[in-house]
Asks: 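First, the structure itself, so that you have it in front of you.
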Amino acid sequence: MNTVAMNAPAAPRGRFITFEGGEGAGKSTQLARLAARLRRRGLTVVETREPGGSPGAEVVRTAILSGAAKKYGPFAEAMLFAAARADHIAQTIRPALASGAYVLSDRFVDSTRVYQTVFGEVPADALAGLERLTVGDMMPDLTIILDLPVEASVERLRKRGAAPDRFEGEPLERHRAIRDRFLALAAREPGRFAVVDASADEDMVEQVIWSLVEPRFLPAKAPAEPAA
Ligand code: TYD
């Protein structure tokens, strides 16, 4: 029996946290704030995003969000998201988790589950097949949904003033459906998801997110040594 291998410490496994929700909900801001808090605790953090997050996946991102891939149809778009995700996992997420880092991703597989069924009308079982092939066991430890009424997110996007991308230009009713699907996913898997009200001010949202992450993932601080 190989006792050395049996006694070897388990390979480190970092933590994988994803941010999801509709447009304009403040995902990138809150991801950056959580990353800063974790770093202040001395932890290694990798900030990433989808579509994208690796050089190959960023090329696919441009093809999708510019609308260039739209003419190939919703299945092709779904497969492009999946292909980008496979590369993102292989190049960025898996190595970072293996080194013990905290990986924070702005969107991940739940965006495909929601957007490609609502905008692309791709059947959920087809997406589940792609998901098994590309994601496998690389599911997030925690998925934070930043939840915002659609009218509020439209207003935030208008204030931002940037030209709408492939998905932002879709009609309001579809964005309502996006919000409902995210909430339905969260209800189905309450152990992985947390729904956070994104209409509160940024400091408050940051605090709520920290109150979810700290007790769940951060090693408790050692109690102070009693004075001799
Ligand atoms: P992005 O510019 O990252 O915007 P946001 O601030 O909303 O995250 O755009 C990503 C867009 O791509 C967004 O509209 C959601 C969509 N998307 C999908 O349709 N499927 C996916 O799997 C992912 C990751 C994103």
Side-chain angles (χ1 to χ4, degrees), residues 16-33 47-54 56-70 72-89 92-93 103-124 126-135 138-140 143-150 152-182 185 196 198 202 205:
F16 185 21
I17 301 173
T18 57
F19 285 75
E20 297 279 5
E23 332 282 322
K27 292 187 304 303
S28 353
T29 306
Q30 292 300 333
L31 187 150
R33 287 178 174 224
E47 293 171 64
T48 187
R49 68 168 180 184
E50 287 208 351
S54 63
E58 289 289 330
V59 174
V60 181
R61 175 186 175 92
T62 307
I64 300 172
L65 294 189
S66 66
K70 191 177 174 184
Y72 302 113
F75 273 101
E77 271 184 333
M79 284 191 279
L80 286 172
F81 277 116
R85 181 161 304 124
D87 193 62
H88 183 209
I89 291 172
T92 305
I93 298 173
V103 177
L104 310 185
S105 186
D106 185 342
R107 298 193 181 280
F108 190 61
V109 71
D110 298 299
S111 279
T112 295
R113 290 182 181 183
V114 167
Y115 280 81
Q116 273 54 68
T117 49
V118 171
F119 289 159
E121 292 165 23
V122 180
L127 294 178
L130 281 176
E131 193 177 309
R132 266 195 308 280
L133 284 173
T134 52
V135 179
M138 272 292 130
M139 285 304 280
T143 296
I144 295 164
I145 294 182
L146 290 181
D147 181 51
L148 196 62
V150 169
S153 64
V154 168
E155 183 56 20
R156 285 190 189 177
L157 288 178
R158 198 186 55 76
K159 281 196 185 137
R160 233 184 252 172
D165 68 23
R166 153 81 178 86
F167 296 99
E168 286 164 2
E170 293 276 349
L172 216 58
E173 271 324 297
R174 287 194 153 182
H175 287 282
R176 278 205 185 90
I178 293 281
R179 183 187 186 203
D180 292 345
R181 291 273 171 116
F182 273 123
L185 283 187
V196 172
E202 285 179 1
V205 175

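Residues: numbered from 1 along the sequence shown. Just so you know, ligand 1 is whichever comes first in the structure, and atom 1 is the first atom listed for that ligand.
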Asks: Are the side chain of R61 and the backbone of P51 linked by a donor-acceptor contact shorter than 3.5 Å?
Replies: yes
Asks: Check whether E58 reaches the backbone of G53 with its side chain - one donor and one acceptor, N or O, closer than 3.5 Å.
Replies: yes
Asks: For ligand 1, which atoms have a heavy atom of Q116 less than 4.0 angstrom away?
Replies: 18 (C), 19 (O), 20 (N), 21 (C), 22 (O)
Asks: Any idea which atoms of ligand 1 are less than 4.0 Å away from a heavy-atom of R85?
Replies: 22 (O), 24 (C)
Asks: Please check if the side chain of T117 supplies one atom and the backbone of V114 the other of a donor-acceptor pair under 3.5 Å.
Replies: yes
Asks: For ligand 1, does H88 get within less than 4.0 Å through its side chain, its backbone, both, or neither, judged by non-hydrogen atoms?
Replies: neither
Asks: Would you mind listing which atoms of ligand 1 come within a distance below 4.0 Å of any non-hydrogen atom of T112?
Replies: 21 (C), 22 (O)
Asks: To check your reading of the model: name the closest protein heavy atom to atom 16 (C) of ligand 1, its residue, and the distance in Å.
Replies: F167 CD1, 3.7 Å
Asks: Applying a heavy-atom cut-off of 4.0 Å, say which part of K27 lies close to ligand 1: side chain, backbone, both or neither.
Replies: side chain
Asks: Kindly give the heavy-atom pair with the smallest separation between D110 and F182, and that separation in Å.
Replies: O-CE2, 3.9 Å
Asks: Are any of the N or O atoms of R107 closer than 3.5 Å to those of ligand 1?
Replies: yes
Asks: Applying side-chain hydrogen bond (donor to acceptor under 3.5 Å, both in side chains) between T112 and each of R85, R107, E50, E131, report the one that passes.
Replies: R85
Asks: Check the pair E173 / R176 against side chain to side chain contact (heavy atoms under 4.5 Å, CB included), numbers first and verdict last.
Replies: CA-CA 5 Å; E173 271 324 297; R176 278 205 185 90; 2.4 Å; yes
Asks: Is the distance from the ring center of F108 to that of F16 below 6.0 Å?
Replies: yes
Asks: Quick check on contacts: which atoms of ligand 1 are under 4.0 angstrom from a heavy atom of R61?
Replies: 1 (P), 2 (O), 3 (O)
Asks: Would you say the side-chain atoms of E23 pair up with the backbone N or O of V154, donor to acceptor, closer than 3.5 Å?
Replies: no
Asks: Note the single closest protein heavy atom to atom 4 (O) of ligand 1, along with its residue, its atom name and the distance in Å.
Replies: E23 OE1, 4.2 Å
Asks: Output, in order, the C-alpha distance, side-chain angles, deciding distance and verdict of side chain to side chain contact (heavy atoms under 4.5 Å, CB included) for H88 and S105.
Replies: CA-CA 10 Å; H88 183 209; S105 186; 3.8 Å; yes
Asks: When only distance counts, is Y115 in polar contact with ligand 1, meaning an N/O pair under 3.5 Å?
Replies: no
Asks: Would you say E77 contacts ligand 1, with heavy atoms under 4.0 Å as the rule?
Replies: no
Asks: Would you mind checking which non-hydrogen protein atom is closest to atom 25 (C) of ligand 1, with the distance to 0.1 Å?
Replies: F81 CE2, 3.6 Å
Asks: How does L65 reach ligand 1, by side chain, by backbone, by both or by neither, if only non-hydrogen atoms under 4.0 Å count?
Replies: side chain
